[in-house]
Amino acid sequence: MKKSDAEVSDLDIAELLDSEDVVKLFLEEALAANDPVLWQRALGYAARSAGMAKIAEKSGLNRESLYKALKEDAHPRFDTVMRVLNAMGLKLTIAPCVSEKQAKYSAK
């Protein structure tokens, strides 16, 4: 087979998120990266893996609006993010950020 004959398909991350545990870990890691663009992209993949129609129905959002809110260059409202997470049976939690520098100062 020649190099030019090879077919390359696009990788769809949403297809790899095949269980609730995998989705949860994926979103936790995206959130831990502290990058809002990465987090939004990850949330979009997670919602697509669960089925956008299902998420739209459970969240009370219009499916088309949901796609628009979760596309890469959008800025979804916090309410939308919370509704999507709730529809997937997930929620955000708060935990302290502890770096080595912060740990030194908090120990005093």
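- Put simply, Leu38 and Leu31 are part of two different groups of oily side chains (I, L, V, M, F, W, Y) that touch within less than 4.5 Å, one to the next.
- Expressed to the nearest 0.5 Å, how far NZ of Lys58 lies from CZ of Arg83 amounts to 14.5 Å.
- Looking at Arg41 and Glu72, their side chains come closer than 4.5 Å, going by heavy atoms from C-beta outward.
- When side chains are defined from C-beta on, Thr80 counts as touching Arg77, because their heavy atoms get closer than 4.5 Å.
- Residues Leu92 and Leu25 are members of separate hydrophobic clusters, defined by side-chain heavy-atom contacts under 4.5 angstrom among Ile, Leu, Val, Met, Phe, Trp and Tyr.
- Between Met52 and Leu66, the closest side-chain pair of non-hydrogen atoms falls below 4.5 Å.
- Under the 4.5 Å side-chain heavy-atom criterion for Ile, Leu, Val, Met, Phe, Trp and Tyr, Ile13 and Leu70 are members of the same hydrophobic cluster.
- Looking at heavy atoms from C-beta onward, Val84 lies in side-chain contact with Leu61 at the 4.5 angstrom threshold.
- Taking a 6.0 Å sphere around CG of Asp79, one finds it holds more than 12 heavy atoms contributed by other residues, nucleotides or ligands.
- Proximity of a side-chain donor or acceptor of Arg63 to a complementary backbone N or O of Ala53 within less than 3.5 Å is not detected.
- Leu16 CG to Asp18 CG: the interatomic distance, rounded to the nearest 0.5 Å, is 7.5 Å.
- Leu27 is listed as a side-chain neighbour of Met88, based on a closest heavy-atom distance under 4.5 Å.
- Note on Ile55: it clusters hydrophobically with Val22, by side-chain heavy-atom contacts below 4.5 Å among ILVMFWY residues.
- Residues Tyr45 and Ala14 approach most closely at O-CB, 3.5 Å, considering heavy atoms.
- Of all non-hydrogen atoms in Ala74 and Ala69, the two that sit nearest each other are CB-O, 3.5 Å.
- Residues Val23 and Ser49 meet the side-chain proximity criterion, which asks for heavy atoms closer than 4.5 Å.
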| query | Under the side chain to side chain contact (heavy atoms under 4.5 Å, CB included) criterion, do Val81 and Trp39 qualify, and how do the steps go? | reply | CA-CA 10 Å; Val81 171; Trp39 163 249; 4.2 Å; yes
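- Note on Glu28 versus Lys24: salt bridge recorded, some NZ/NE/NH1/NH2 to OD/OE distance being below 4.0 Å.
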